[in-house]
Amino acid sequence: MDEHMQAIILGVVERAPQWVRHDLEAKDAGVRARAEETLAAMITNALKAETPPAAQSTATMQD
(Lines give C-alpha, C1' and ligand atoms only; values in the text may rest on other atoms or scores of the structure.)
Protein backbone atom coordinates (compact mmCIF):
# COMPACT_ATOMS: atom_id res chain seq x y z
CA MET A 1 0.00 0.00 0.00
CA ASP A 2 1.45 3.35 -0.97
CA GLU A 3 1.51 6.45 1.22
CA HIS A 4 -1.24 8.21 -0.75
CA MET A 5 -3.67 5.31 -0.30
CA GLN A 6 -2.76 5.07 3.38
CA ALA A 7 -3.49 8.80 3.81
CA ILE A 8 -6.91 8.39 2.17
CA ILE A 9 -7.83 5.50 4.48
CA LEU A 10 -6.58 7.33 7.56
CA GLY A 11 -8.64 10.37 6.57
CA VAL A 12 -11.79 8.26 6.30
CA VAL A 13 -11.16 6.64 9.68
CA GLU A 14 -10.56 10.05 11.28
CA ARG A 15 -13.86 11.35 9.86
CA ALA A 16 -15.89 8.28 10.76
CA PRO A 17 -19.07 9.16 12.62
CA GLN A 18 -19.09 8.60 16.37
CA TRP A 19 -21.69 5.84 16.12
CA VAL A 20 -19.35 3.84 13.84
CA ARG A 21 -16.48 4.22 16.29
CA HIS A 22 -18.72 3.21 19.16
CA ASP A 23 -20.26 0.24 17.33
CA LEU A 24 -16.84 -1.12 16.32
CA GLU A 25 -16.31 -1.85 20.01
CA ALA A 26 -19.72 -3.47 20.53
CA LYS A 27 -19.97 -6.93 22.04
CA ASP A 28 -22.94 -7.70 19.78
CA ALA A 29 -21.55 -9.26 16.59
CA GLY A 30 -24.39 -7.87 14.44
CA VAL A 31 -23.83 -4.31 15.59
CA ARG A 32 -20.08 -4.64 15.11
CA ALA A 33 -20.54 -6.14 11.61
CA ARG A 34 -22.79 -3.24 10.59
CA ALA A 35 -20.13 -0.75 11.70
CA GLU A 36 -17.38 -2.69 9.89
CA GLU A 37 -19.42 -2.80 6.68
CA THR A 38 -20.15 0.91 6.92
CA LEU A 39 -16.50 1.78 7.44
CA ALA A 40 -15.47 -0.49 4.56
CA ALA A 41 -17.99 1.22 2.27
CA MET A 42 -16.72 4.65 3.31
CA ILE A 43 -13.13 3.61 2.53
CA THR A 44 -14.15 2.08 -0.81
CA ASN A 45 -15.96 5.26 -1.84
CA ALA A 46 -12.99 7.43 -0.86
CA LEU A 47 -10.58 5.25 -2.82
CA LYS A 48 -12.86 5.23 -5.88
CA ALA A 49 -13.12 9.02 -5.72
CA GLU A 50 -9.32 9.24 -5.86
CA THR A 51 -8.94 6.75 -8.75
CA PRO A 52 -9.16 8.14 -12.30
CA PRO A 53 -12.12 6.69 -14.29
CA ALA A 54 -9.83 4.91 -16.80
CA ALA A 55 -8.04 3.08 -13.98
CA GLN A 56 -11.37 2.08 -12.42
CA SER A 57 -12.60 0.44 -15.64
CA THR A 58 -9.29 -1.40 -16.05
CA ALA A 59 -9.47 -2.66 -12.46
CA THR A 60 -13.03 -3.85 -13.02
CA MET A 61 -12.00 -5.77 -16.13
CA GLN A 62 -9.23 -7.55 -14.22
CA ASP A 63 -11.52 -8.72 -11.39
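Computed from a predicted structure; not experimentally measured.
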Could you tabulate the donor-acceptor pairs under 3.5 Å formed by side-chain atoms of residues 34-42, not counting sequence neighbours?
| from | atom 1 | to | atom 2 | distance (Å) |
| --- | --- | --- | --- | --- |
| R34 | NH2 | D23 | OD2 | 2.5 |
| T38 | OG1 | R34 | O | 2.9 |

Is there a donor-acceptor pair closer than 3.5 Å between any side-chain N or O of R32 and the backbone N or O of A26?
yes
Could you pull out the closest heavy-atom pair between D28 and V31, with the gap in Å?
OD1-N, 3.1 Å
Listing, residues 11-21 side-chain donor-acceptor contacts under 3.5 Å, not counting sequence neighbours, or none:
| from | atom 1 | to | atom 2 | distance (Å) |
| --- | --- | --- | --- | --- |
| R15 | NH1 | G11 | O | 3.1 |
| R21 | NE | A16 | O | 3.3 |
| R21 | NH2 | V13 | O | 2.9 |
| R21 | NH2 | E14 | O | 2.7 |

Listed by chain and number, what are the side-chain contact (heavy atoms from CB on, under 4.5 Å) partners of D2, not counting sequence neighbours?
H4, M5
